[in-house]
There are 2 protein chains.
Amino acid sequence: MDNDVLRQAPLFSALDDEAATALRASMGETKLRRGEVLFHEGDSGDKLYVVVDGKVKLGRTSSDGRENLLAILGPGQMFGELSLFDPGPRSATVTTVTDASFASLSHDDLLRWLEGRPMVAHGLLSQLASRLRKANDVVADLVFSDVPGRVAKALLDLADRFGRSADDGIHVHHDLTQEELAQLVGASRETVNKALADFASRGWLRLEPRSVVIMDLERLSRRAR
Amino acid sequence: MDNDVLRQAPLFSALDDEAATALRASMGETKLRRGEVLFHEGDSGDKLYVVVDGKVKLGRTSSDGRENLLAILGPGQMFGELSLFDPGPRSATVTTVTDASFASLSHDDLLRWLEGRPMVAHGLLSQLASRLRKANDVVADLVFSDVPGRVAKALLDLADRFGRSADDGIHVHHDLTQEELAQLVGASRETVNKALADFASRGWLRLEPRSVVIMDLERLSRRAR
DNA sequence: TCCTAGCCGTGGTCTGGCTCACATCATGGA
DNA sequence: TCCATGATGTGAGCCAGACCACGGCTAGGA
């Protein structure tokens with residue numbers, strides 16, 4: 001059951017079965033329906049979460065109300081660690097994009113687990129380092145790539161994590177509206193829509209509601225960089 | 001002497017005097033002159049560095065040769081940890097902006113230090129978390145703010161870390177050319193120059209070579225957000 | 001069943017910021 | 001001292017992409 005998902009999570013990967021089961025037992029459980037908010041930017045809170053099932057978006061809102069998505073996370077991925085190690089309010093709002101369930105762990109419990117388990121600490125460091133590297137890549141993309149390029153890159157990333165190949169291409173049920181996709185790549189909905197329409201007209205992909213089918217991975221990848 | 005600088009570094013902050021001295025002894029030392037490169041993006045390498053004296057820029061180059069600066073780091077700040085915990089080639093090129101010296105530590109030595117010293121691991125986690133938070137802020141700025149806003153924000157950050165107040169304002173010897181400042185905020189040199197000229201004409205600051213004097217912190221801060 | 005609210009597709013306009021093209025100003029080496 | 005080289009200021013033109021304004025589509029609730 002859901003233990004399988006958690007075992008893939010970086011937090012657990014270094015643990016043996018027994019330790020993993022024990023850690024799992026000490027974690028809380030939360031379930032939400034699509035569109036519900038787990039916590040808001042600015043909230044205080046010191047829980048770390050792992051997605052067990054479903055998808056969430058991490059977003060921030062600018063002073064004038066516009067929104068920007070930092071990431072879309074799926075099963076096995078962790079979030080909320082920032083307020084753990086860098087004390088302060090939550091830096092993003094987490095909203096579900098599908099029905100979803102989570103396992104959670106408090107700061108104190110995590111610290112107890114870290115003690116005497118250097119491999120777990122090392123796993124967390126890897127995780128944070130990888131996130132930081134990705135964040136730097138996003139910055140580079142915003143500076144160097146145009147909107148269609150960023151859209152292509154986002155689709156490839158989503159395909160990589162949520163895609164399933166079939167005869168007619170890679171089906172990617174990303175569960176995002178074009179509005180959300182636009183917020184993810186830092187562009188307007190209209191521009192993203194035009195980029196998608198252009199890709200579709202070239203036969204690189206087919207558009208479906210909250211989903212795309214990638215038919216020419218090669219060309220799309222080339223457009224991405 | 002330089003031990004004072006290192007004691008402020010996050011890597012050391014949790015250590016007592018004796019441990020700090022021992023760690024310092026196990027670290028290598030490097031000195032470079034302005035404009036020299038410590039390592040290139042894509043190099044292999046597993047050393048972590050701490051700036052002892054001087055400043056460096058972390059930059060990446062796009063496929064078509066344009067450059068983007070991720071950060072300017074000064075005394076006490078750490079870099080190169082990414083390739084440690086997230087194995088892979090160096091993700092950025094590090095170049096000195098002034099004459100500079102560094103203390104370095106290899107992956108293996110660091111891991112030995114982490115073992116049995118959970119506080120050090122925790123310090124590193126804090127450091128990475130803080131960097132990640134900053135990277136996310138940069139992303140938000142690129143999406144939400146215009147170039148003058150980003151320039152203002154960059155100046156405030158530099159002032160915060162390298163500024164010295166005097167009667168006529170905060171003197172910020174950032175040691176960056178306008179070209180480098182432009183790469184830091186993800187804009188063209190010309191646009192940055194015009195933004196700076198505009199700030200100066202409003203009396204918010206005075207321009208000097210590789211340096212600015214901030215005269216109206218209040219207005220500049222307001223322009224930044 | 002209809003109606004409403006949210007998505008999605010697509011044109012037209014306007015502008016921030018990039019590129020190009022110079023002129024000027026330092027600064028250090030011969 | 002004089003020149004070369006890089007840094008700095010500034011204007012002109014152009015264009016990607018934001019913003020605006022629709023019309024059509026679809027799904028879920030009354």
Side-chain angles (χ1 to χ4, degrees), chain A residues 33-35 57 62 64-69 95 97-99 141-155 173-202 205-213 223, chain B residues 33-35 57 62 64-69 95 97-99 141-155 173-202 205-213 223:
Chain A
R33 317 200 37 107
R34 165 170 169 86
K57 55 178 180 180
S62 74
D64 61 336
R66 291 162 55 207
E67 200 146 347
N68 168 32
L69 298 184
T95 313
V97 267
T98 66
D99 293 355
D141 285 340
L142 281 170
V143 172
F144 296 134
S145 306
D146 59 6
V147 171
R150 302 206 299 271
V151 170
K153 188 161 296 195
L155 289 178
H173 289 272
H174 50 65
D175 294 304
L176 301 175
T177 65
Q178 292 185 355
E179 176 77 45
E180 288 167 327
L181 197 53
Q183 291 165 350
L184 183 61
V185 302
S188 71
R189 182 192 62 82
E190 294 91 328
T191 309
V192 168
N193 177 286
K194 284 161 191 170
L196 288 171
D198 179 55
F199 294 163
S201 78
R202 291 169 190 271
L205 51 77
R206 202 169 64 240
L207 286 176
E208 295 181 359
R210 284 162 208 250
S211 162
V212 294
V213 181
R223 185 62 181 81
Chain B
R33 316 199 37 107
R34 164 168 171 89
K57 53 177 180 181
S62 75
D64 60 337
R66 289 160 54 205
E67 199 145 348
N68 168 31
L69 299 184
T95 313
V97 183
T98 65
D99 294 355
D141 285 340
L142 282 171
V143 173
F144 295 133
S145 305
D146 60 5
V147 172
R150 302 207 297 273
V151 170
K153 188 162 296 195
L155 290 178
H173 288 271
H174 50 65
D175 293 305
L176 302 174
T177 65
Q178 292 185 356
E179 175 77 47
E180 288 167 327
L181 196 53
Q183 291 165 348
L184 183 62
V185 302
S188 71
R189 182 193 61 81
E190 293 90 332
T191 311
V192 168
N193 177 287
K194 284 162 192 169
L196 288 171
D198 179 54
F199 293 163
S201 78
R202 292 168 190 272
L205 50 77
R206 201 169 65 240
L207 287 176
E208 295 181 358
R210 284 164 206 246
S211 163
V212 294
V213 180
R223 186 61 181 83

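Labels below follow one simple rule: chain letters A, B, ... track the order of the sequence lines, proteins then strands, and each chain is numbered from 1. The model shown is predicted, which means the values in this text are computed figures rather than measured ones. These values consider heavy atoms only, across backbone and side chains, with no hydrogens, waters or symmetry-generated copies.
Rounded to an integer number of Å, the gap from CD of A:Gln178 to P of C:dT10 is 10 Å. Going from atom CZ of B:Arg206 over to atom P of D:dG9 covers 14 Å, rounded to whole Å. Atom CZ in A:Arg189 sits roughly 10 Å away from atom P in C:dC7 (whole-Å rounding). In this structure, A:Asp175 places its CG atom 13 Å from P of C:dC7, rounding to the nearest Å. Atom CZ in A:Arg210 sits roughly 8 Å away from atom C1' in C:dC7 (whole-Å rounding). Straight-line distance from the CD atom of A:Glu190 to the P atom of D:dC22: 14 Å, rounded to whole Å. Here C:dG17 presents its C1' atom at 19 Å from CZ of B:Phe144, a figure rounded to the nearest Å. The distance between atom CD of B:Glu208 and atom C1' of D:dA7, rounded to the nearest whole Å, is 15 Å.
Using a cut-off of 4.0 Å between Lys/Arg side-chain N and Asp/Glu carboxylate O, A:Lys194 and A:Asp198 are scored as not salt-bridged.
Of the residues near DNA chain D, B:Glu179 and B:Lys194, the one whose nearest nucleotide (by heavy atom distance) lies more toward the 5' end is B:Glu179.
A donor-acceptor pair is defined here as one N or O able to donate and one able to accept, closer than 3.5 Å; such a pair exists between the side chain of B:Arg34 and the backbone of B:Val97. Within the 3.5 Å criterion, the main-chain N or O of A:Gly186 finds a donor-acceptor partner in the side chain of A:Arg150. No donor-acceptor pair closer than 3.5 Å links the side chain of B:Arg210 to the backbone N or O of B:Thr177.
Taking 4.0 angstrom as the limit, B:Asn193 places none of its side-chain polar atoms (N or O) nearer than this to OP1 or OP2 of D:dT8. Close to C:dC18, at under 4.0 Å from its OP1 or OP2, lies a side-chain N or O of B:Ser188.
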